[in-house]
There are 2 protein chains.
Amino acid sequence: MLRTNNCGELREAHLGQEVIICGWVQRIRDKGGRAWIDLRDRYGMTQLIFEEGSTSVVLMNLVRTLGREYVIRVKGMVIERLSKNPKLPTGDIEIQVHHLEILNEAALPPFLIEDETDGGDELRMKYRYLDLRRTPVRKNLELRHQISRKIRTYLDNHNFIEVETPYLIKSTPEGARDFIVPSRMNPGQFYALPQSPQTFKQLLMVSGLDRYYQIVKCFRDEDLRADRQPEFTQIDCEMSFVEQEDVLEMFEGLVTFLFKEIKQIDLKKFPRLTYADALKYYGSDKPDLRFDMCFVELNEVIGSSVFPLFNEAELVVGINAIDCSTYSRKQLDELVNFVRKPQVGATALIYVKCNLDGSFKSSVDKFFDQDTLRTWAECFKAKPGDLILILAGKKDQTRKALNDLRLEMGDRLGLRNNDKICPAWVIDFPLFEWDEETQRYHAMHHPFTSPKSEYMGQVDKDPESIKASAYDMIINGVEIGGGSIRIHKRALQSKMFDVLGFTKEEAEAQFSFLLGAFEYGAPPHGGIAFGLDRLCCLFGGVESIRDFIAFPKNSSGRDVMIDSPSLLDEEQLTTLGIQIEKN
Amino acid sequence: MLRTNNCGELREAHLGQEVIICGWVQRIRDKGGRAWIDLRDRYGMTQLIFEEGSTSVVLMNLVRTLGREYVIRVKGMVIERLSKNPKLPTGDIEIQVHHLEILNEAALPPFLIEDETDGGDELRMKYRYLDLRRTPVRKNLELRHQISRKIRTYLDNHNFIEVETPYLIKSTPEGARDFIVPSRMNPGQFYALPQSPQTFKQLLMVSGLDRYYQIVKCFRDEDLRADRQPEFTQIDCEMSFVEQEDVLEMFEGLVTFLFKEIKQIDLKKFPRLTYADALKYYGSDKPDLRFDMCFVELNEVIGSSVFPLFNEAELVVGINAIDCSTYSRKQLDELVNFVRKPQVGATALIYVKCNLDGSFKSSVDKFFDQDTLRTWAECFKAKPGDLILILAGKKDQTRKALNDLRLEMGDRLGLRNNDKICPAWVIDFPLFEWDEETQRYHAMHHPFTSPKSEYMGQVDKDPESIKASAYDMIINGVEIGGGSIRIHKRALQSKMFDVLGFTKEEAEAQFSFLLGAFEYGAPPHGGIAFGLDRLCCLFGGVESIRDFIAFPKNSSGRDVMIDSPSLLDEEQLTTLGIQIEKN
């Protein structure tokens, strides 16, 4: 090694030792007769000292040629610092350098390599290798590594085997868009990159592997939102001879273990919420449970009313914001504007202030008297000082809008603190959802999900009523993972494909291997997949998954650092037998 | 869980317990009044017993409907076996079943699910999920998992961080052919799948990550040989502030650790062999060192000779096969035919039998007398009873052919036993090799490899003489891993690209991110990559990497199980802006 020690480990116990350390020049302070350098590596920071008199003139001059981010190697003696720095683990010592070698020079970085930097997003993406030098970014990658290790520890201890499934697989039109890969050896034919190893892990269950996992890259060619990447990492798991309860228990155990090991947080048993209740009480299948503020439906209480908005509404539903009755006109206007934003999509917001004197002041005083408002307040269990916020309209839209408003109120009231961890299982998802656009049923989870046992015989009758053995794990309003018990019989799987509008030929062309496998003794099985990137965000208390990806792509799917995707030689395309379409 | 126990864990200690187990019917023996079933799962095999009298008629009848590979669930009592089977861990007990449920039926498998099967290669590939049920195949996957775990343990303990690098990267014409991926969002542009994460791991060193590893899929679009797959797995590693010696020590440590932990084998310090010596003494840069049989060159001893073959030969070189002087005419003819095979490519094989009486009998007695043959024998340190085998011709071809002959003799003499593990480092590779076809230099390792320090100033003068800081780890004649110290300065990297025939524009277009990174303080660094598939073969004592890949492709790059690659919808291609070339 070019060093005897790293920049994070020297302490008073090393005083008097001759050491060699290497690293990057973080900072140089030159006070004429004395100069200090903060030398940085992955492990920490160590102060170097150079003093006229004890340091040679040649060396002093060399020090003065250094710049930020130069890579140097120094030999010297560990000495006690005059003014110690208790904030730094190495703060008790410094190195009196007697030999310095420049391992590499550095041009002035395009942004500050400090915890707080002056570099904008695009610039830091272009120079990602410099951004990764910053401690908070490096710590994100370290945290990701730690999470992956702990996941493996837990799953290994529970008899799971990691099996690598192929990346060059087969395109299926179901679900999101595939990335495809032309095959040179099979001209005119294409592989696809996996959106998930779903069918392969099911085949591993058919093969009797019993418990499988894989931390694996998956690919979706979708238009990217802020928190989406074309390639992302899944913790993919599957178990045989299980029922839903077994899967929930195993993976609640995993996440509980992770929080304990990594954050020293003891999570209680996860509450469970049916999909129907999640929508009814929170307007979302991934409610943020760090705060209460449940939906209360008023349709029955209101009955038929003189107020046109309510009268025409499929759903009248509200939330109670505790201690907000003192909201000003301005604050209420902000909320009205919020719900009217196109992405929220409500037309009007009705409020009822529960005044401290027991009276009520509402935006619908014209239509409803104090007694009626009091009845409403009772429905919300609202107390004097609270503020009731009500939306009305079409059921699905109104729930969605009120969910947005609920989260907005949570933010305003400081109820969405990242230190609080509120997990839950959402269960009893519908098996199918009707798609207006294509005029057919879609699988809500995926086509391999089993109906709950009580619906087993009626998959092709009244599909919308059928509930699936599917489950999502949510934490703080984010879907962390989801899975299901799978179909393991050919007849049922075929029927599923029928309901989903596959012809026999299409089902055969795309999934004959799976249907075939189910004929040779497929065991009951089920599993789950977690999004590792998103899980890391949760542990890191950070919003964007990009922060936990070493080399992320931007929202056009470009890696601006390596400048990819890029044009190819005509020859390369010819070899593959493909052409770019001329417009 | 559908079971209380698995099929591998019940022992005498469980006698009298009521258990539920699930698994596959391996075998049914029906002796009229009594029937036994061997029930199999990943964990083992347990015997079930059904007896008329104690077993109900309904249940007896149900048992008689079962077939091989049916998936069943049974409840019963653990009882002592009358005739115990000491070969089976569960051989002391059996289950007296009182309840049986068929979880899934099974058609007759297309081949026997036994350790020794009657299924051919293609059939087993098509039904890979059934082949994976066979114990030896499943054990291969379990071994792979164990090896991966131990690798992570070692590297984690040495401060390495696993970082995921991207799969959608940029095509570079250097090296093997890339698989490419059209970008929908950037029409006419393409990603490439990585042949290795080489440049990314170097950027991670520039970013100060210090020690990186990744167990990662890599892709090469090459024509496949028996032991190649289009996708394969690398253990990819990189370290900063190291010299060659540090890398060798760290990864010799890794492999030593693996053999100790997995095979309980203590490896001694790995010998080192220069590339030049490997070629001179074994005719290969990956010699099988399980046996000696070094090459001996005879040119000097022979001088100018009357034997035309020797006289015209650039190299006359042989090996000594101990105790083979009694080889018959037939055996010698076999060897002659062996060396004349096109893939070996020699024209003639000269032999000298060192007879037990001290005389010599050779195929060139016409040209050389006994004294001359005795001189040769001394060069080979041959003793009475040995057989000297000599080839002559062009240097490189002759060495290659003699390497083949040496391995053939090793096989014939039983010297290549898989229980013997003989690792070594091959070092001091040339930096460049001249390619006749393209009439330019190629990088022997890759373009990022550093010359050894003593050649640092002369990369552009006399390139062929330059030795690289590159190294391969070989075990039993197989290259297990290879790596190098990398270039970390822009000027040297640019000069490398010059020698390799890149124009400035090409170098810039393909590697500007790396050249740029070297300007901002790149540390000295180096690394290595191991082939995980091949490493598994070595631990499993198996020849083909396919045996350690869950879902391998055949030699045309097809996955015959899922039938991929496949045709795409015209619409999918249109969305991507590409067309298939019409011939």
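So that the names make sense, note that chain A is the first sequence line, chain B the second, and so on, each numbered from 1.
For the pair B:His488 and A:Val71, the minimum side-chain heavy-atom distance is 4.5 Å or more. Residues A:Arg42 and B:Ser240 are not in side-chain contact: their nearest non-hydrogen atoms beyond the backbone lie 4.5 Å or more apart. Two residues are said to be in side-chain contact when any heavy atoms from C-beta on lie closer than 4.5 Å; B:Phe219 and A:Val181 fail this criterion. The shortest distance between side-chain heavy atoms of B:Leu209 and A:Leu132 does not fall below 4.5 Å. Proximity of A:Leu168 to B:Leu193: side-chain heavy atoms (C-beta onward) are separated by under 4.5 Å at one or more points.
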Take B:Tyr129 and A:Leu514 through the test side-chain contact (heavy atoms from CB on, under 4.5 Å) and record every step on the way to the result.
CA-CA 10 Å; B:Tyr129 48 87; A:Leu514 189 70; over 6 Å; no
Start with the C-alpha gap between B:Thr574 and A:Glu581, add the side-chain angles, then the distance that decides, and say whether side-chain contact (heavy atoms from CB on, under 4.5 Å) holds.
CA-CA 8 Å; B:Thr574 308; A:Glu581 217 161 64; 4.0 Å; yes
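Nearest approach of A:Tyr520 to B:Ala106, heavy atoms of both residues: C-CB, 3.7 Å. The minimum heavy-atom distance linking A:Asn186 with B:Ser556 is given by the pair ND2-O, 3.2 Å. Closest approach of A:Leu203 to B:Met561, counting heavy atoms only: CD1-CE, 3.4 Å. Between A:Lys553 and B:Pro166 the shortest heavy-atom distance is NZ-CB, 3.8 Å. Here the closest non-hydrogen pair linking A:Asp156 and B:Arg149 is OD2-NE, 3.2 Å. Among all heavy-atom pairs drawn from A:Ser171 and B:Gln572, the shortest one is OG-NE2, 2.8 Å.
A:Ile161 contributes atom CD1, which lies 11.5 Å from atom OG of B:Ser148 (distance to the nearest 0.5 angstrom). Between the CD atom in A:Glu243 and the CE atom in B:Met1 there is a gap of 9.5 Å [rounded to 0.5 Å]. The distance from atom CZ of B:Phe190 to atom CD1 of A:Ile580, rounded to the nearest 0.5 Å, is 4.5 Å. Atom NZ of A:Lys217 sits about 6.5 Å away from atom OH of B:Tyr167, to the nearest 0.5 Å. For the atom pair CG (B:Leu103) and CZ (A:Phe241), the distance works out to 6.5 Å, reported to the nearest 0.5 Å. For the atom pair CG (B:Asp178) and CG (A:Leu576), the distance works out to 10.0 Å, reported to the nearest 0.5 Å.
Among the candidates B:Val247, B:Ile113, B:Asn159, B:Leu204, the residue making the largest number of heavy-atom pairs closer than 4.5 Å to chain A is B:Asn159. Ranking B:Leu567, B:Val163, B:Ile562 against chain A, the residue ahead of the rest is B:Ile562, based on heavy-atom pairs under 4.5 Å. Ranked by heavy-atom pairs under 4.5 Å with chain B, the first of A:Asp569, A:Leu108, A:Ile72, A:Val25 is A:Leu108. Note on A:Tyr43, A:Phe511, A:Phe179: by heavy-atom pairs under 4.5 Å with chain B, the leading option is A:Tyr43. Annotation: maximal heavy-atom pairing with chain B below 4.5 Å, among A:Val242, A:Ile549, A:Asp41, A:Leu130, occurs at A:Leu130. Among B:Arg558, B:Lys126, B:Arg73, the residue making the largest number of heavy-atom pairs under 4.5 Å with chain A is B:Arg558. Contact count versus chain A (heavy atoms, under 4.5 Å) is highest, among B:Thr165, B:Thr575, B:Asp246, B:Ile215, for B:Asp246. Each of A:Arg128, A:Glu249, A:Glu69, A:Arg152 has some count of heavy-atom pairs under 4.5 Å with chain B, and the biggest count is that of A:Arg152. Looking only at heavy-atom pairs under 4.5 Å with chain B, the residue among A:Cys22, A:Gly577, A:Ser207, A:Ala509 that has the most is A:Ser207. Ranked by heavy-atom pairs under 4.5 Å with chain B, the first of A:Ala192, A:Pro182, A:Pro109, A:Gly23 is A:Pro182. Of the listed residues B:Arg211, B:Arg134, B:Glu571, the one with more heavy-atom pairs under 4.5 angstrom with chain A than any other is B:Arg211. If you tally non-hydrogen atom pairs under 4.5 Å between each of B:Ala107, B:Pro523, B:Ser566 and chain A, the highest count goes to B:Ser566.
Contacts of B:Phe518 with chain A are made by backbone atoms alone, with heavy-atom separations under 4.5 Å and no side-chain atom involved. Neither the backbone nor the side chain of B:Asn6 comes within contact range of chain A, judged by heavy atoms closer than 4.5 Å. Only the side chain of B:Ser183 has a heavy atom closer than 4.5 Å to any heavy atom of chain A. Residue contact with chain A, scored on non-hydrogen atoms closer than 4.5 Å, involves the backbone and the side chain of B:Gln579 alike. Residue B:Ile21 does not touch chain A at all, counting heavy-atom pairs closer than 4.5 Å. Of the two parts of A:Leu573, only the side chain, counted from C-beta on, holds a non-hydrogen atom closer than 4.5 Å to a non-hydrogen atom of chain B. Neither the backbone nor the side chain of A:Gln214 comes within less than 4.5 Å of any heavy atom of chain B. A:Gln510 does not touch chain B: none of its heavy atoms, backbone or side chain, sits under 4.5 Å away. With a 4.5 angstrom heavy-atom cutoff, B:Gln202 does not touch chain A via any of its atoms. Proximity to chain B is limited to the side chain of A:Asp559, based on heavy atoms less than 4.5 angstrom apart. In this structure, the portion of A:Met205 lying under 4.5 Å from any heavy atom of chain B is its backbone and not its side chain. Contacts between A:Pro524 and chain B at a heavy-atom distance below 4.5 Å involve the side chain alone, from C-beta outward. Looking at A:Arg177, the atoms closer than 4.5 Å to chain B (heavy atoms on both sides) all sit in the side chain, from C-beta outward. Residue A:Ser555 touches chain B through its backbone alone, counting heavy-atom pairs closer than 4.5 Å. Proximity to chain A (any heavy atom under 4.5 Å) is shown, for B:Asp131, by neither the backbone nor the side chain.
Under the 3.5 Å distance criterion, the side-chain polar atoms of A:Trp24 are left unmatched by any main-chain donor or acceptor of B:Gly208. Checking side-chain atoms of A:Ser564 against main-chain N and O of B:Ile169 turns up a donor-acceptor pair under 3.5 Å.
Annotation: salt bridge (Lys or Arg N to Asp or Glu O under 4.0 Å) contacts of A:Glu519 (sequence neighbours excluded): A:Arg490. Applying the ring pair (Phe, Tyr, Trp, His ring centres under 6.0 Å) rule to A:Phe232 yields no partners; only residues at least two apart in sequence or on another chain are considered.
B:Arg184 has a carboxylate O that lies under 4.0 Å from a charged side-chain N of A:Asp223, or vice versa, which qualifies the two as a salt bridge.
A side chain to side chain contact (heavy atoms under 4.5 Å, CB included) with A:Glu164 holds for exactly one of B:Leu532, B:Asp533, B:Leu141; it is B:Leu532.
Taking the six-membered ring where the residue is Trp, B:Tyr213 and A:His145 present perpendicular rings, their angle passing 60° and hence far from 30°.
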